[in-house]
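Down below is the structure, laid out as structure tokens.
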Amino acid sequence: MDGRLCPRSAGRIISRTVSRAPAEPPSSQVYPRTGLHGRVVHAIGRRIVTGQIRPGEQLPKPAGVNASRGVVREAVKVLAAKGLVVARTKTGTRVRPPEQWNLLDPDVLAWRQEGQPRGAFLGKLTEVRLLIEPGAAALAARRAGQAQLAALHSALRDMREALDLSPPDYEAYNDADIRFHRAIVQACDNDVLEQMGAIVNTTLLVAFNAAIRVPGLPRGSLPRHQAILDAIRRRQPNRARTAMRLLVQNTGRAIGRLAR
């Protein structure tokens, strides 16, 4: 035997192994893509989130996955924890409605953004950022220590250096940009806000991946980041709040036009 599983037997295994407990809160960690188990998780998850396997349909529809019972079992547990599937005694394992998915799970976000992100979804991410980030910037201006200020300086320097390369290294730019925003949340010295910051990081991944496709936007954002840093360093909460709000609004408008 080669350890492969036909769709019919896989369906029986899936229906027996998925927990019926409510979906867990979103994790801030991306699930590994390496190894057979990771590939199965991402293959089925992607098909669910992009609509190839629709809400209410039973798993597996032709998912193109050949795997052992153990791999299928563990992959389904991961998808259930992300809120994508649920098990019923008589109907087996089925795809849940999108409103029950853990939309801020980084893998779900990544699967949703594959191809052209939807403008409405990106608009919702901007709304989340506007609710959290300007207030965090204001609080950071009151509380940031030397270590957090140094982290902000380092991140902004790395953003500039990534764009100065030929061609620009947009992946390195995104990494540094996320470090910049993470340092602001950490400067607030609020462990509850840091937990929320993990959610913000997942929205940033999607927003930034869309933003780098807007000509001139990454380099044009550097002065706005500098204004945020200057306000935090000078202990000016209102200026920090305003500068962050302008940055988020400008990015939101740009990626909104891109999506349209």
Side-chain angles (χ1 to χ4, degrees), residues 10-11 14-31 33 38 40-65 72-133 135 192-193 195-211 248-249 251-253 255-256 258-260:
I14 290 172
S15 66
R16 291 197 303 265
T17 57
V18 177
S19 169
R20 297 180 202 141
E24 298 174 2
S27 166
S28 61
Q29 301 298 317
V30 174
Y31 200 81
R33 295 174 181 268
V40 170
V41 168
H42 284 276
I44 299 179
R46 185 180 300 110
R47 291 179 66 84
I48 291 173
V49 172
T50 58
Q52 298 176 56
I53 306 177
R54 298 184 178 277
E57 290 186 350
Q58 188 172 7
L59 288 184
K61 292 297 179 182
V65 174
V72 172
R73 183 183 301 114
E74 293 305 313
V76 169
K77 287 181 181 178
V78 173
L79 296 173
K82 295 176 182 296
L84 299 185
V85 298
V86 65
R88 303 296 183 196
T89 302
K90 295 183 179 180
T91 60
T93 300
R94 296 184 180 273
V95 176
R96 298 173 107 182
E99 59 268 21
Q100 296 179 10
W101 299 348
N102 289 338
L103 295 178
L104 293 177
D105 179 279
D107 291 318
V108 177
L109 281 170
W111 296 330
R112 287 192 71 171
Q113 73 164 316
E114 290 188 5
Q116 180 70 32
R118 296 180 179 180
F121 182 59
L122 291 172
K124 292 175 182 178
L125 296 185
T126 298
E127 290 175 351
V128 172
R129 295 187 64 193
L130 285 171
L131 285 170
I132 297 176
E133 292 194 76
V192 176
L193 184 58
Q195 291 289 320
M196 297 178 66
I199 295 175
V200 172
N201 285 340
T202 63
T203 69
L204 292 177
L205 286 171
V206 176
F208 291 174
N209 284 335
V248 175
Q249 287 174 335
T251 302
R253 285 192 294 267
I255 62 179
L258 176 68
R260 289 193 297 270

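Note that the coordinates shown come from a computational prediction; the quantities given were computed from them, not determined experimentally.
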With the side chain counted from C-beta on, respond yes when [X] and [Y] share a heavy-atom pair under 4.5 Å apart, and no when they do not.
X	Y	result
His42	Asp107	yes
Leu103	Lys124	no
Val248	Thr126	yes

Please find the pair of heavy atoms, one from [X] and one from [Y], that lie closest to each other, and give the distance.
X	Y	value
Arg94	Gly56	NH1-O, 2.8 Å
Pro55	Arg96	CB-O, 3.9 Å
Leu193	Ile132	CD1-CG2, 4.3 Å
Val49	Val108	CG1-O, 4.1 Å

- Message: Closer than 3.5 angstrom, by distance alone: can the side chain of Asn102 be matched with the main-chain N or O of Asp105 as a donor-acceptor pair?
- Response: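 Flag not set: sc Asn102 to bb Asp105 has no pair under 3.5 Å.
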- Trp111 side chain to Thr50 backbone, donor-acceptor under 3.5 Å: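 No.
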- Charged N-O contact under 4.0 Å between Lys77 and Glu74: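 The answer is yes: the pair qualifies as a salt bridge.
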- Message: Using the rule side chain to side chain donor-acceptor pair (under 3.5 Å), only one of Glu57, Arg47, Arg46 pairs with Gln52; which is it?
- Response: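 The option that passes is Arg47.
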- From CA spacing to verdict: side chain to side chain contact (heavy atoms under 4.5 Å, CB included), Arg129, Thr251: CA-CA 11 Å; Arg129 295 187 64 193; Thr251 302; 4.2 Å; yes
- Message: Quick check for you: to the nearest 0.5 Å, what is the distance between Arg54 atom CZ and Ile48 atom CD1?
- Response: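 If we round to the nearest 0.5 Å, Arg54:CZ and Ile48:CD1 are 13.0 Å apart.
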- Task: Please lay out, stage by stage, how Leu130 and Gln249 fare under the test side chain to side chain contact (heavy atoms under 4.5 Å, CB included).
- Result: CA-CA 8 Å; Leu130 285 171; Gln249 287 174 335; 3.9 Å; yes
